[in-house]
Amino acid sequence: MIIATRPMEPEELKGKRIAVPGTLTTAYLACKLFQPDFEAVITPFDKITDAVKERAVEAGLIIHEAQLTFDRQGFHRVVDLGGGSRPASPCRCRWARTCFCDRSIRKFRASAAG
C-alpha cells in the first residue's frame, strides 16, 4: 500500500520520492510494476510513516502493521497494491486485491522491446 500526507491520485506518484522497505521485497516489485518511474528511498519498514510525516519523501510504501494503522495516523491511501484474496482480473496472483499485473506486464514488455 502506498500512502501520503494528502489525498493523491495514483498517477501523481510518477517521478516522486517514495520510501520503500527495500528493493528485494515483493512490495517493491508490486510498486515498480504499478509505477516504474519513481525515486526509491530505502527506509526501514518501521520508519516509513515517519519519513512520510516528516516530508522527507512524498509517499511511502508500507507493509505489515502500518497497513492497519495508517488512516488513524492521518495518512491517505494512494493505492492498495495487494492484500486481498480475489483478483479483479484473470491474473493468478491471488494476493492482489486490485490486480494490475496484466496491464503492467504488457506495458513493461512493450517498453523493454523498445
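Atoms CE and NZ, from M8 and K16 in turn, are 6.0 Å apart once rounded to the nearest 0.5 Å. Distance check, rounded to the nearest 0.5 Å: CG of L61 to OG1 of T25 gives 6.5 Å. The line from CD of Q67 to CG of L81 is 9.0 Å long, rounded to the nearest 0.5 Å. Interatomic distance, CZ of F34 versus CG of D80, reported as 10.5 Å (0.5 Å rounding). Separating the CG atom in L29 from the OG1 atom in T23 is a distance of 11.0 Å, to the nearest 0.5 Å. Between the OG1 atom of T49 and the CD atom of E65 there is a distance of 11.0 Å, given to the nearest 0.5 Å.
Residues V78 and L13 meet the side-chain proximity criterion, which asks for heavy atoms closer than 4.5 Å. Inter-residue side-chain proximity for K53 and F75 is flagged as met; some heavy-atom pair is nearer than 4.5 Å. Taking the side chain as every heavy atom from C-beta outward, M1 and R77 approach each other to under 4.5 Å. Counting only heavy atoms from C-beta outward, the side chains of I62 and V52 never approach each other to under 4.5 Å.
Between the side chain of R55 and the backbone N or O of A51, no donor-acceptor pair lies under 3.5 Å.
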Using the side chain to side chain contact (heavy atoms under 4.5 Å, CB included) rule, take I18 and V41 through it: C-alpha gap first, then chi angles, then the decisive distance, then the call.
-> CA-CA 6 Å; I18 301 176; V41 178; over 6 Å; no
Report the C-alpha separation of F38 and R17 in whole Å, then their side-chain angles, then the decisive distance to 0.1 Å, and conclude whether the side chain to side chain contact (heavy atoms under 4.5 Å, CB included) test is met.
-> CA-CA 6 Å; F38 69 91; R17 290 173 41 89; over 6 Å; no
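Ion pairing between R6 and E12 holds under the 4.0 Å rule for side-chain N and carboxylate O.
G60 and I48 get closest at one heavy-atom pair: CA-CG2, 3.7 Å. Annotation for F70 and H76: closest pair CE1-C, 4.3 Å, computed over non-hydrogen atoms.
A 6.0 Å sphere centred on CD1 of I42 holds more than 12 heavy atoms belonging to other residues, nucleotides or ligands.
A side-chain donor from one of T69 and Q73 sits under 3.5 Å from a side-chain acceptor of the other.
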